[in-house]
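In what follows, a single structure is set out as structure tokens and then discussed.
Fair warning: this is a prediction, and the values are worked out from it, not measured in the lab. This chain uses plain numbering: 1 for the first residue, then up along the sequence. Remember, it's 1-based here, ligands and their atoms both numbered in the order they're listed.
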Amino acid sequence: MAPSEHDPAAGEIEFVLVLNSGSSSIKFQVLDPSADAHEEPFITGIVEKIGEPKGHIKIATATTKMEDSRPILSHSVGLERAFGMMSLLGCGPQDLNLIAVGHRVVHGGATFSEPVLIDDKMVAEIEKLVPLAPLHNPANIDGIKNARALLGHVPHVAVFDTAFFSTLPEHAAHYGLNKEVADKYNIRRYGFHGTSHEFVSRAVPKIMGREPEKINQITLHLGNGASAAAIRGGEAIDTSMGLTPLAGLVMGTRTGDIDPSVIFHLARAGGMKVDEIDNLFNRNSGLKGIAGVNDFREIKELIDQGDHDATLAYEIYIHQLRRFIGSYMLILGHTDAITFTAGVGENAAFVRKDAMADLEGFGIKIDEDRNLNKEGVEGPRVISTDDSKIKVFVVPTNEELAIAQYAMELAEQ
Ligand code: ADP
């Protein structure tokens with residue numbers, strides 16, 4: 001169990017603050033990087049609706065919580081106020097043995113293939129990548145600057161969503177786009193959710209009791225955003241997201257792969273502007289754009305009521321998922337394991353069942369009771385039958401813990 005803020009032992013534990021700064025919100029956790037993956041973080045917090053008329057901050061520990069619903073003018077005001085609330089609860093940054101701050105940074109471009117200690121030079125390098133991720137990196141950089149201003153006494157570490165995919169072979173990383181243009185604008189497949197794919201894929205050989213170098217696997221991060229990765233001997237060799245997180249699988253609100261000419265068509269025939277199309281593809285498509293809802297619990301309810309659009313949205317989602325799984329099996333040559341993770345992958349047994357249906361001929365057999373988790377196992381678990389040649393797993397992801405572990409490693413160097 002996580003220690004409470006009244007626990008004197010809390011002062012002995014080395015904690016890491018993990019920050020995920022978005023455009024209008026900041027999510028954070030204070031956690032012990034050497035804790036088990038299923039342990040609750042010591043503190044979780046969210047600063048929401050920054051810059052909107054009604055702001056909201058919520059801080060929770062294992063024993064107590066505090067909320068504040070005043071307007072929040074800026075990210076720095078929100079973070080400072082959140083730290084103040086933590087102090088009132090007796091667990092402010094100055095009360096804890098904080099050894100590092102880990103920052104989630106969405107785009108590391110071709111510059112960052114691993115986590116880095118942040119200094120002014122690194123911030124400038126991350127700033128150079130803003131054109132590649134105009135929606136994400138500015139907020140991440142803002143978070144880094146604010147946190148360094150408030151917590152200048154501890155090392156700060158940036159962990160990039162793209163870094164795990166820096167090993168993609170050239171033929172998987174590059175598109176069939178004119179090379180001069182691709183080079184000029186740094187257009188290639190970068191991949192995202194890398195921290196999660198890496199965390200989960202590292203757990204698999206341990207569960208199987210085999211050497212990581214000998215395992216070929218497919219990891220499926222199915223959350224609101226969704227991506228697939230093909231991993232050979234611990235190194236990613238393909239992934240479904242691309243220059244941005246829009247590509248690949250159908251997602252909660254994103255199209256996933258779509259004929260690029262749809263953009264030209266919407267511009268020419270529909271008179272739509274680039275920003276409108278961007279918004280349509282990223283925020284108003286996918287499950288939500290077809291079924292009207294993007295939460296799988298609601299999709300399931302609608303399907304059970306016979307709703308046509310929800311059924312169609314679900315069938316498109318599963319179809320696209322199976323296309324990626326199939327192509328990755330071929331690319332890998334032989335596959336040892338397929339793993340489901342994130343909100344949908346961990347909780348929606350029906351998605352796992354349908355994604356893996358009728359694949360006995362390919363050596364994949366799901367055990368229904370294991371898939372339904374009748375025994376209520378919390379951590380990683382196998383859902384394939386004992387005689388399934390390819391093992392299928394559910395491994396809960398924990399990106400914050402992974403970021404905290406990297407931050408600790410780099411802070412100790
Ligand atoms: P994010 O990509 O925002 O981090 P998550 O990985 O937390 O998202 O996944 C959120 C999604 O997980 C929800 O939108 C919902 O579709 C799905 N989900 C969460 N819990 C369940 C559940 N018990 N059953 C089915 N789907 C679930």
Least distance between heavy atoms, F192 atom then P245 atom:
CE1-N, 3.5 Å
Between F42 and F15, is the ring centre distance below 6.0 Å?
yes
For ligand 1, does N294 get within less than 4.0 Å through its side chain, its backbone, both, or neither, judged by non-hydrogen atoms?
backbone
For H193 and H197, take the angle between the two ring planes, folded into 0 to 90°, and tell me which bin it lands in: parallel under 30, tilted 30 to 60, perpendicular over 60.
tilted
Sidechain N-carboxylate O distance under 4.0 Å for D119, R148:
no
Can you sort out which atoms of ligand 1 are near A342, meaning under 4.0 Å from one of its heavy atoms?
6 (O)
If we number the atoms of ligand 1 from 1 as shown, the ones under 4.0 Å from a heavy atom of F296 are 15 (C), 16 (O), 26 (N)
Looking at non-hydrogen atoms alone, which of V293, I299, V351, N347 comes nearest to atom 22 (C) of ligand 1?
N347
Using a strict cut-off of 4.0 Å, indicate which atoms of ligand 1 neighbour a heavy atom of R297.
18 (N), 19 (C), 20 (N), 21 (C), 22 (C), 23 (N), 24 (N), 25 (C), 27 (C)
Please confirm whether R188 makes a cation-pi placement over Y190, using NZ or CZ under 6.0 Å from the six-membered ring centre and within 45° of the ring normal.
yes
Taking the non-hydrogen atoms of G252, is any one of them nearer than 4.0 angstrom to ligand 1?
no
What atoms of ligand 1 come within less than 4.0 Å of a heavy atom belonging to G225?
2 (O)
I'd like to know if D336 pairs up with K214 as an ion pair, taking the criterion as any Lys NZ or Arg NE/NH1/NH2 lying under 4.0 Å from an Asp or Glu carboxylate oxygen.
no
Among T397, D295, T341, the residue with a heavy atom nearest to atom 15 (C) of ligand 1 is D295
Can you find an N/O atom of N224 closer than 3.5 Å to an N/O atom of ligand 1?
yes
Distance flag for atom 5 (P) of ligand 1, protein heavy atom under 4.0 Å:
yes
Would T341 and E346 count as having a side-chain donor-acceptor pair, cut-off 3.5 Å?
yes
Closest to atom 18 (N) of ligand 1 by heavy-atom distance, out of G343, G345, A226, A349, is G343
Do H136 and H107 have ring centres separated by under 6.0 Å?
no
Regarding ligand 1, does A348 bring an N or O atom to under 3.5 Å of one of the ligand's N or O atoms?
no
Measure from the ring center of F296 to the ring center of Y317 and say whether it is less than 6.0 Å.
yes
When distances are taken from atom 17 (C) of ligand 1, the protein heavy atom at minimum range is V344 CG2, 3.6 Å
